[in-house]
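Inspection log for the structure reproduced underneath, given as structure tokens.
Heavy atoms only: backbone and side chains are in, while hydrogens, waters and symmetry mates are out. First the proteins, then the strands, lettered A, B, ... as listed; each starts at 1.
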2 protein chains.
Amino acid sequence: MINLERLEQQLKARGCKLTRQRRAVLRVVATTEGRLDAARVCEDARAECPEIGLTTVYRTLDILADIGALRRLHLPDGCSSYAPASPGHRHHLICVECGRAVEFEGCDLTALVDSVASRTGFEVEDHWLQLLGRCPACQARRL
Amino acid sequence: MINLERLEQQLKARGCKLTRQRRAVLRVVATTEGRLDAARVCEDARAECPEIGLTTVYRTLDILADIGALRRLHLPDGCSSYAPASPGHRHHLICVECGRAVEFEGCDLTALVDSVASRTGFEVEDHWLQLLGRCPACQARRL
DNA sequence: TACTAGTTGAAAATGATGTTCAGTTAGAGG
DNA sequence: CCTCTAACTGAACATCATTTTCAACTAGTA
């Protein structure tokens, strides 16, 4: 769960104005657990700010991804959703049934990265890792 | 580099006909190192089969991804390209400058996966890993 | 309060990909 | 070799998510 006030501060620090529309999007982002996509965020945000348009949602999600509050998810059925991202944590574990996304930390890939780098001659700058699975609730529902 | 004959056999085994168009696409796929996207494949394939259309390229790439000969790449600038995939190997290392994609094997994530699974209660089914970096040629060009 | 740079939504543009459909063809079976 | 038909094809069109445009609006500073 993301801290709403912190988000507002980050936006201000970035020179962004806090409009009614942006507040609505921030609230949705801060209170949603799991995947977010523009259409759904827009729909939810309209509860608080009925006149918000999809364009603005896209723009706001972009900013949030920029400041690191959201991270884009890449799933088998598409690459257009986001998940809340806490600072410092780097990866997501996503439930393939319900789409719930949780973060995890402590990926230690240094040995792997070093070995691949020396074998290929590449200079490895970044890595991108996602785990896919089934969350406890969906496991229970299957029994 | 992918084996052209093996691809043709795989297609046949799947009940696909080997048309001139498909042969052209296969040839491009088998002789390209690195990223492939539909538009580029189409352009290249026209050297061998000028009347091929984009539609057919999409359909053929789909089939190749299906049989595991291609794997979709997810990059910062988009998720619509593929890379040749040898059987058994699971991951790609991509050059952020030139887009060259090489495969690597030997990712041992069992410790990580186990730890995350026990911490979150998820049943982890699959993982997705990509490394991003700079290939030897692009490193040299930078000096 | 007045100002202005940042912001907004509707509409239109874009761009990748999917679908349709009437015509074509690979290749199995005679 | 033929014949036949399911598989395949490309052009045109449909979709769908996302971006751009632009004139009107507004948060927040002075």
Side-chain angles (χ1 to χ4, degrees), chain A residues 5 7-28 35-67 70 72-82 99, chain B residues 5 7-28 35-67 70-83 99:
Chain A
E5 280 176 32
L7 277 188
E8 299 195 345
Q9 281 165 13
Q10 284 182 289
L11 283 200
K12 284 205 149 184
R14 200 176 181 276
C16 291
K17 291 181 180 172
L18 277 182
T19 61
R20 212 157 10 93
Q21 292 88 334
R22 282 187 181 158
R23 284 180 207 275
V25 170
L26 292 190
R27 163 119 42 166
V28 172
R35 305 164 60 173
L36 293 163
D37 66 81
R40 160 159 316 199
V41 170
C42 187
E43 198 180 319
D44 289 359
R46 282 192 165 134
E48 178 175 341
C49 176
E51 73 277 30
I52 193 174
L54 241 194
T55 312
T56 298
V57 173
Y58 275 109
R59 287 191 275 232
T60 309
L61 292 182
D62 243 22
I63 295 172
L64 291 174
D66 239 37
I67 65 179
L70 292 177
R72 196 176 269 280
L73 294 184
H74 301 262
L75 300 170
D77 66 327
C79 306
S80 56
S81 56
Y82 294 87
Chain B
E5 280 175 33
L7 278 187
E8 299 194 345
Q9 282 167 14
Q10 284 181 288
L11 284 199
K12 285 205 147 184
R14 201 175 181 274
C16 292
K17 292 181 180 172
L18 277 181
T19 61
R20 214 156 8 95
Q21 292 87 337
R22 282 188 182 157
R23 282 181 208 278
V25 171
L26 292 190
R27 163 118 42 165
V28 172
R35 304 164 61 172
L36 292 163
D37 64 83
R40 162 158 316 200
V41 169
C42 187
E43 198 180 320
D44 289 0
R46 281 189 165 138
E48 179 175 339
C49 175
E51 72 277 29
I52 195 174
L54 240 194
T55 313
T56 297
V57 173
Y58 275 110
R59 288 191 274 232
T60 309
L61 292 182
D62 243 23
I63 296 173
L64 291 175
D66 240 37
I67 65 179
L70 292 178
R71 189 160 16 253
R72 197 176 268 279
L73 294 184
H74 301 263
L75 300 171
D77 66 328
C79 306
S80 56
S81 56
Y82 295 87

Just the atom pairs and distances: protein N or O near nucleotides 5-8 of chain C's N or O, under 3.5 Å.
| residue | atom | partner | partner atom | Å |
| --- | --- | --- | --- | --- |
| C/dA5 | N3 | A/K17 | NZ | 3.1 |
| C/dT7 | OP1 | A/K17 | N | 2.9 |
| C/dT7 | OP1 | A/R22 | NH1 | 2.4 |
| C/dT7 | OP1 | A/R22 | NH2 | 3.4 |
| C/dT7 | O5' | A/R22 | NH2 | 3.4 |
| C/dT8 | OP1 | A/T19 | OG1 | 2.5 |
| C/dT8 | OP2 | A/R22 | NH2 | 3.4 |
| C/dT8 | O3' | A/Q21 | NE2 | 2.9 |

Which pairs, protein N/O on one side and nucleotides 28-30 of chain C N/O on the other, fall under 3.5 Å?
none

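Rounded to whole angstrom, the span from the CZ atom of A/R72 across to the C1' atom of D/dA17 amounts to 10 Å. When rounded to the nearest whole Å, the span between OH of A/Y82 and C1' of D/dA17 equals 11 Å. Computed from coordinates, the B/E8 CD to C/dG27 P distance equals 10 Å when rounded to whole Å. Atoms CD (B/Q9) and P (C/dG27) sit 14 Å apart, rounded to a whole Å. As rounded to whole Å, 18 Å separates atom P of D/dA14 from atom OH of B/Y58. Between the CG atom of A/L36 and the P atom of D/dT18 there is a distance of 13 Å, given to the nearest Å. Following rounding to the nearest Å, A/R46 (CZ) and C/dA10 (P) show an atom-to-atom distance of 7 Å. A straight line from CG of B/D62 to C1' of D/dT9 spans 16 Å, rounded to a whole angstrom.
In this structure, A/E8 pairs ionically with A/R23, as a charged nitrogen and a carboxylate oxygen lie closer than 4.0 Å.
For B/R23, counting side-chain heavy atoms from C-beta on, the closest listed nucleotide (C/dG27, C/dT20, D/dT18) is C/dG27.
At least one side-chain heavy atom of B/L11 sits less than 4.5 Å from a side-chain heavy atom of B/L26. Side-chain contact between B/V25 and B/I52 is present, with at least one heavy-atom pair separated by less than 4.5 Å. A/L61 places a side-chain heavy atom less than 4.5 Å from the side chain of A/V57.
Interatomic distance, OG of B/S81 versus CG of B/L70, reported as 10.5 Å (0.5 Å rounding). Atom-to-atom distance recorded for B/R40:CZ and B/R35:CZ is 8.5 Å, nearest 0.5 angstrom.
Within the nucleic acid shown, A/S80 comes within 4.0 Å of sugar-phosphate atoms alone, with no base atom in reach, counting heavy atoms only.
Around the CD atom of A/E43, the shell of radius 6.0 Å holds no more than 12 heavy atoms that belong to other residues, nucleotides or ligands. Annotation: A/R46, atom CZ; neighbour count of heavy atoms from other residues, nucleotides and ligands within 6.0 Å is above 12.
Listed by chain and number, the residues in a side chain to side chain donor-acceptor pair (under 3.5 Å) with B/R72 are B/Y82 (sequence neighbours excluded).
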